[in-house]
Amino acid sequence: MKTLYQTRAIATGGRTGRVRTADGGLDVTLAAPRELGGKGGDGNTPEQLFAAGYAACFLGALKSVAAGRKVKLADDSTVSAEVGIGKRDDGQGYGLDVTLTISLPGVDPDVAKDLVQQAHIACPYSHATRNGLDVRLELF
C-alpha cells in the first residue's frame with residue numbers, strides 16, 4: 001500500500017489523560033466513564049473518538065462509491081456510529097461492539113443497500129476491523 005496521508009496522535013495518562021495530534025489540530029481531555037470504573041464527567045472517551053472517526057470515514061466511503069456509480073447523495077445523508085466496549089467472552093481483555101446506522105434520503109432502497117455494502121468494503125475503518133469486530137449495518 002502506498003500511504004497517501006499519515007497523522008500521529010500522542011496519548012498521556014490513559015483513559016483519564018489527554019490525547020492530541022502532533023500538529024495540534026486535535027487536543028482532547030479524556031475521562032473514563034463510570035461504567036468502566038472511572039469518574040465520568042467532562043472529557044471524551046476513546047470509544048467516542050472511534051465512533052466519530054468511523055462515522056465520518058464511512059460516510060466518505062459512501063460518497064465515493066455513490067459518485068463512482070453516478071448516484072447523487074442528499075446533503076442530509078448521515079452515518080451514526082454507536083460504539084460499545086465490554087469484556088470479551090474469551091476473558092482475555094476488552095472488545096468493541098459497533099452499529100452503523102445509515103440514512104440515505106431519496107435513494108432507492110435497493111440502490112442504497114448496494115451502496116452501503118460497497119462502502120463497507122471500501123471504508124478503511126471497516127477493512128481494519130473486518131476480522132476482529134462484528135459491525136452491524138442498519139439502513140433506514
Side-chain angles (χ1 to χ4, degrees):
M1 177 183 91
K2 180 181 177 188
T3 300
L4 302 175
Y5 171 76
Q6 185 173 344
T7 189
R8 183 167 48 105
I10 302 102
T12 57
R15 286 185 167 273
T16 57
R18 175 179 167 209
V19 66
R20 62 183 174 76
T21 55
D23 66 2
L26 178 72
D27 192 338
V28 179
T29 299
L30 300 173
R34 287 183 180 86
E35 296 86 347
L36 295 179
K39 295 180 182 179
D42 292 339
N44 294 97
T45 67
E47 293 73 33
Q48 289 171 323
L49 298 173
F50 185 78
Y54 203 162
C57 189
F58 198 88
L59 184 53
L62 271 168
K63 287 182 172 187
S64 177
V65 168
R69 295 181 180 203
K70 309 277 191 264
V71 175
K72 172 75 172 122
L73 296 185
D75 290 341
D76 60 346
S77 296
T78 61
V79 174
S80 171
E82 184 174 323
V83 175
I85 184 171
K87 291 189 177 184
R88 294 193 330 240
D89 292 337
D90 65 8
Q92 298 296 308
Y94 290 84
L96 297 176
D97 179 76
V98 176
T99 300
L100 298 180
T101 303
I102 300 107
S103 174
L104 301 176
V107 178
D108 175 89
D110 290 332
V111 173
K113 184 177 179 180
D114 185 53
L115 291 175
V116 167
Q117 292 302 321
Q118 290 305 307
H120 194 44
I121 293 168
C123 175
Y125 275 67
S126 291
H127 180 73
T129 61
R130 192 150 340 273
N131 292 317
L133 181 61
D134 181 27
V135 177
R136 289 173 302 286
L137 304 171
E138 297 178 352
L139 181 61
F140 73 98

Contacts of Thr129 meeting side-chain hydrogen bond (donor to acceptor under 3.5 Å, both in side chains) (sequence neighbours excluded), chain-then-number -> none
Next on the checklist: Contact between Lys39 and Thr16 at the side-chain level, heavy atoms closer than 4.5 Å - yes or no?
Outcome noted: no
Sequence neighbours excluded, the answer for side-chain contact (heavy atoms from CB on, under 4.5 Å) partners of Lys63 is Leu59, Leu73
Do Thr99 and Glu138 have side chains that get closer than 4.5 Å, going by heavy atoms?
-> yes
The side-chain hydrogen bond (donor to acceptor under 3.5 Å, both in side chains) partners of Arg15 (sequence neighbours excluded) come to Glu47
Taken in chain and number order and not counting sequence neighbours, the residues that satisfy side-chain contact (heavy atoms from CB on, under 4.5 Å) with Arg34 are none
OG1 of Thr7 to CG of Asp23, rounded to nearest 0.5 Å, is 5.5 Å
With sequence neighbours left out, the residues meeting side-chain hydrogen bond (donor to acceptor under 3.5 Å, both in side chains) with Asp108 are none
Non-hydrogen side-chain atoms of Leu4 and Met1 separated by less than 4.5 Å: no
Contacts of Asp76 meeting salt bridge (charged side-chain N to carboxylate O under 4.0 Å, His left out) (sequence neighbours excluded), chain-then-number -> none
Residues at least two apart in sequence or cross-chain that pass salt bridge (charged side-chain N to carboxylate O under 4.0 Å, His left out) with Arg20, listed by chain then number, are none
Apart from Leu26 itself, members of its ILVMFWY cluster (side-chain separation under 4.5 Å) are Val19, Val28, Leu30, Leu49
Checklist entry - Under a 4.5 Å cut-off applied to non-hydrogen side-chain atoms, are Ser77 and Ser103 in contact? => result no
For Leu115, does its backbone N or O pair with a side-chain atom of Gln118 as donor and acceptor, under 3.5 Å? no
Taken in chain and number order and not counting sequence neighbours, the residues that satisfy ring-ring contact (aromatic ring centres under 6.0 Å, His included) with Phe58 are none
Here the ring pair (Phe, Tyr, Trp, His ring centres under 6.0 Å) pairs for residues 1-53, sequence neighbours left out, are Phe50-Tyr54, Phe50-Tyr125
Sorted by chain and residue number, the side-chain hydrogen bond (donor to acceptor under 3.5 Å, both in side chains) partners of Asp90 (sequence neighbours excluded) come out as Arg88
Notebook entry, point to check: Looking at side-chain heavy atoms only, is the closest gap between Leu100 and Val135 below 4.5 Å?
Noted result: yes
For the CD atom on Glu82, are there more than 12 heavy atoms of other groups (residues, nucleotides or ligands in this structure) within a distance under 6.0 Å?
no
The salt bridge (charged side-chain N to carboxylate O under 4.0 Å, His left out) partners of Arg18 (sequence neighbours excluded) come to Asp27
